[in-house]
Number of protein chains: 2
Amino acid sequence: MKTPKAVNKRVRILEAAAKVIAEKGYAAATMAEIGEAAGTFAGSLYYYFPSKDALVEALLNIGTTTVSEPVIASVAALPSQTGAYQKIKTALDKHVARMLEEDAFILAYWRLIDQVPSDMRERHRKHPRAYGDFWRGLMREGQAEGVLRSELDPNLAQLFLLGTTIYALDWYSPGGKLNPQAISDSLADMFFGGIASRDIELNRLAPQAKVNHRRKSGRPASDAMR
Amino acid sequence: MKTPKAVNKRVRILEAAAKVIAEKGYAAATMAEIGEAAGTFAGSLYYYFPSKDALVEALLNIGTTTVSEPVIASVAALPSQTGAYQKIKTALDKHVARMLEEDAFILAYWRLIDQVPSDMRERHRKHPRAYGDFWRGLMREGQAEGVLRSELDPNLAQLFLLGTTIYALDWYSPGGKLNPQAISDSLADMFFGGIASRDIELNRLAPQAKVNHRRKSGRPASDAMR
DNA sequence: GTCTATACTTTGATAGAC
DNA sequence: GTCTATCAAAGTATAGAC
C-alpha cells in the first residue's frame, strides 16, 4: 500500500535506472548513479526496492510489456474482418515504431536480459514467450488464409522477423535518413516478398543448394523451439 | 616477445574468460573466476594482460574474426565463375554454422559488446564494419547480376539477414529438432523468396499499406547507415 | 519518506617471495 | 612465470537521525 506520491517516485526511480542502464550497461550502473539520475541518493532507493536485483527485475517486466502491449492493442483495434496480412503489417509497424522510439526501458531491457542471474532470466521468460505466441498466431492466421506459404515454420518466420528488429536497436540512429516507418516498410517488403528478383526461379539458379527443399515435405516443421 | 608456452597460456586464459563471460555475463565474471577456469589465480592473469579491460578487448577482436574469417574464406574458395546467389548461400551457411557452433568467443562477444566502455566499443567498431562491407558487397553483386531485386537497399538487406542470426544465439538450443544447416536453409528460403505465397500479389491484398512503395522510386536508398 | 554516515563485501590490481 | 598476501577502491546495503 503506497501513497500516490510514493508511486510516482517509484516510477521516477525506474525511469532513472532505465536511462542509466541504457547508456552505460548493467555493470557500470551503480545505485549511486541511479539515485543521482532520480534526484535522490543511493540509500533512499532501498525504501522502494529491497535490492538492486529487485529493481532490475521490475525493469525487465516493463521492458517487454512496453512493446508487446501497444502492438497487441493495435491489432485488437482493427475491424474484425481484417485480413492476416493487414494484421501482420499493423503489428510490425507498431513493433518497429516502439522499438526505435528510443525508449530507455526498451534499450535497458536488451542490455539486461543476457546479464542478469539465470534464475531471474528464467522467471522472466514467460513474458517474451507470450509475445512470441502472439506472433506465431499471426503467422498461422496468414497461412490459414493462404497469404503466407503454408510449408513455412511459423515459429522460424516469427523469429526471423523479430530478430531483425532487435538488431536494429544496435544500428539505428535517430538522426539518419531512414525513419522507423521507412524501416518498417522496407522490412515488410523484404520479409513478405523476399530479396530475390520476382522473375527468377531460385532452384534453377543453384539446384545443389537445395533451396526450397523444405517445400516438398508436406507438413510444416514443429514449433517446439523457443 | 613471448615464449611458446606463454602464448599457449595466454590463449588458455582467453578461452577461460570467454567461457565464464558466455555463461554469466560481463558483470558477474570476476578475475578470480576466470583464473580458476584457466587453472590459475587472479593475480597470475596480470602477467599476460595489464587489466581486465585489456583482456576483454582482446576477446572482442577474437569474437568477430572467428566468424568473419571462415565466412570470407569460404566464399574466396569458390570457383571464380561462381554466381552471386551461390556466394551468398555459401556465406550464409558458414556464418550460421559458426554462430551456432557454441563457440564461447562468439557468445562472449555478444554479451560484451553492449556493456564495455564506449571508447573500447568505438575502437572495436572497424571489425564489424568490415564484415558488413563484405556482406553489402555480396548484396550488390547479386543486384548487378539481376538475381536480387535492384531497388532494395543492400545495407538494409544485409542487416535484415545478419540480425536474425544474432538473435538466433538467444533461442537456438543445440539439442533441438533443427540443426544449424536446417536453420540456414530455412532462413535462406525465407530471405530470398519471402514468406508470402508466391501466387499472391501483395499490393492487391492491402494497397493502403503501401507495400512495395519503394519499388517505384528508381534509385536504391543510400547505405550511409551503420 | 528522505538523508547522512557507515558497515560489510567484493573485486581489480600490486608487491614481493619463490 | 606463478603464487600468496594484501591494498585500495568501489559498491551494495543498513542504521538511525530527522
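This one's a predicted model, so the numbers in the text were calculated from it and none came from an experiment. So that the names make sense, note that chain A is the first sequence line, chain B the second, and so on, each numbered from 1. We use all heavy atoms of the structure for the numbers below, so side chains are in, but hydrogens, waters and symmetry mates are not.
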Engineer: What is the distance from CD1 of B:I34 to P of C:dA13, rounded to the nearest Å?
Structural biologist: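 Value for this atom pair: 11 Å.
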Engineer: Please state how far atom OH in A:Y47 lies from atom C1' in D:dT12, giving the value in whole angstrom units.
Structural biologist: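 After rounding, the reported distance stands at 20 Å.
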Engineer: From CE of B:M31 over to C1' of D:dA8, roughly how many Å is that when rounded to an integer?
Structural biologist: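 Checked: the CE to C1' distance equals 16 Å.
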Engineer: Within the structure, does a side-chain N or O atom of B:T30 lie under 4.0 Å from either OP1 or OP2 of C:dT10?
Structural biologist: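 Negative; the distance criterion is not met.
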Engineer: If I take atom CZ in residue A:F49 and atom P in nucleotide D:dT12, what distance separates them, rounded to the nearest angstrom?
Structural biologist: 15 Å
Engineer: Start at the 5' end of DNA chain D and walk down; is the nucleotide closest to A:Y46 or to B:F41 reached first?
Structural biologist: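 With A:Y46 and B:F41 compared, the 5'-side residue is B:F41.
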Engineer: Should A:D93 and A:K89 count as an ion pair when the cut-off is N to O under 4.0 Å?
Structural biologist: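 Salt bridge: yes.
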Engineer: Examine the side chains of B:Q181 and B:D185 and answer whether a donor and an acceptor come within less than 3.5 Å of each other.
Structural biologist: yes
Engineer: Is there a ring pair (Phe, Tyr, Trp, His ring centres under 6.0 Å) between A:Y167 and B:F160 once you walk through the steps?
Structural biologist: CA-CA 8 Å; A:Y167 185 45; B:F160 188 32; over 10 Å; no
Engineer: How about A:H95 and A:Y131: are their ring centroids closer than 6.0 Å?
Structural biologist: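 Yes - the distance between ring centres of A:H95 and A:Y131 falls below the 6.0 Å cut-off.
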Engineer: Taking atom P of D:dG1 as reference, at what distance in whole Å does atom CZ of B:R10 sit?
Structural biologist: 13 Å
Engineer: It should be established whether B:Y48 places a side-chain nitrogen or oxygen under 4.0 Å from OP1 or OP2 of nucleotide D:dT2.
Structural biologist: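 For D:dT2, OP1/OP2 do have a side-chain N/O of B:Y48 under 4.0 Å.
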Engineer: Reckon B:S44 has a side-chain N or O less than 4.0 Å from the OP1 or OP2 of D:dG1?
Structural biologist: no
Engineer: Starting from C1' on C:dT4, measure out to CG on A:L45 and report it in whole angstrom.
Structural biologist: 14 Å
Engineer: Rounded to the nearest angstrom, tell me the gap between atom NZ in A:K52 and atom P in C:dC8.
Structural biologist: 22 Å
